[in-house]
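Note sheet for the following structure.
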Amino acid sequence: MALFEKLDINPNKVPNIKLGLHLFQIVLGVVIFILEIVLFRAEGSVINGNNGWPFGLCFLSIPAWIYLAMAPRFENTRKLAQPHVMVVTDTVFTIFWLSGFASQAAYNTANSCGQGCAVSKAIVGMAFFELIGWVATTAVSVYTLRYYQRTESLPGYENLGGNQNIDPDKAAFSMAPHDEEAYAPVQMDDHHEEHHDGPYDPDSFGARYDNDTAYRPHSTSPAPLDNPFDNAYRTHSHSPSHSDAYGDPYGSQTSRPHIYAPPVAEDYDDDRPVQFPNANYDRTMH
């Protein structure tokens, strides 16, 4: 056991190593299964327990492959991947395939292969490599058990599906951000950083600009105009600077037009002579 502790093994590589070894075993198992069928149909070959046992191991190993290769890789089934059970399973099937290798070799020694001895010898070779594969997975399971006893976690399986599986070459050319800057606020306004702690000012936005524009001629709203209908008999101003042509019935007709208001009594109480308004009286009827 001290040998595994001295080996400099990256725990994150253990899941892929274990999976690769089991895939190697599955490929060899499929080949052995096909060769056994060919041997069964060979002329003069005898079907007995010596060649039937390796054939049956191909089916018997399927549940073990599923458990050992898949159970530790998924979070929902990882609790079933107990390290002691995996060591026992790998060890048992190592013994099974050792017996299968020896059984097929004894089949050849007994000349029970008939015309299919070449195929039977190929099965013996495949069974040997199958045995080596199970020895290797047993060693990985023992390392997993030792690692679990030290850290109470499976080596590398906890990190499956994380960011460490991203190809660094692809990540280098990715336009997606990978740091905290990905969550920085987007500055959509040039004045985004301007903050005002006082009450709301409707002219605060226009105050950012010194010059008036066509859409905002004044920085503040102009004073509202007087409503001429507030008082129908309002008093007219006699200020010389604000002459009202319609407010004075004798005023100049060429003056600037204003809204008409009825005259009041004070407008007629003066010493000016009575006169007709300006008009073309030549067109009167005779």
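Residue indices begin at 1 and follow the sequence shown. Quantities reported herein were computed from a predicted structural model and do not represent experimental measurements.
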Partners of Val31 by side-chain contact (heavy atoms from CB on, under 4.5 Å), sequence neighbours excluded?
Leu35, Met126
ring-ring contact (aromatic ring centres under 6.0 Å, His included) with Tyr148: which residues, sequence neighbours excluded?
none
Can you pull out every disulfide (SG to SG under 2.5 Å) where at least one residue sits in residues 27-115? Sequence neighbours excluded, please.
Cys113-Cys117
To check you understand the geometry: which heavy-atom pair defines the closest contact between Ala71 and Thr77, and what is its length?
O-OG1, 2.9 Å
Contacts satisfying side-chain hydrogen bond (donor to acceptor under 3.5 Å, both in side chains) that involve residues 93-104 (not counting sequence neighbours) are Trp53-Ser99, Ser61-Trp97, Thr94-Thr138, Gln104-Ser120
Listed by chain and number, what are the side-chain contact (heavy atoms from CB on, under 4.5 Å) partners of Ile34, not counting sequence neighbours?
Val30
Are Phe40 and Phe55, when compared by the centres of their aromatic rings, separated by less than 6.0 Å?
yes
On a heavy-atom basis, the closest approach of Glu130 and Gly29 is OE1-N, 3.5 Å
Backbone N or O of Arg41 within a donor-acceptor pair of the Ser45 side chain at under 3.5 Å?
no
Nearest 0.5 angstrom please: Leu57 CG to Ile62 CD1, how far?
11.5 Å
Minimum heavy-atom separation for Pro72 to Leu154, with atom names?
CB-CD1, 4.3 Å
Say you draw a straight line from CZ of Arg150 to OH of Tyr147; how long is it, rounded to the nearest 0.5 Å?
7.5 Å
Classify the ring geometry of Trp134 against Phe93: parallel below 30°, tilted from 30° to 60°, perpendicular beyond 60°.
parallel
Residue set satisfying side-chain contact (heavy atoms from CB on, under 4.5 Å) with Ser141, at least two apart, ordered chain then number -> Lys18, Met86, Val87, Asp90
Measure the shortest side-chain to side-chain distance between Asn51 and Ser112 over non-hydrogen atoms and say whether it is less than 4.5 angstrom.
no
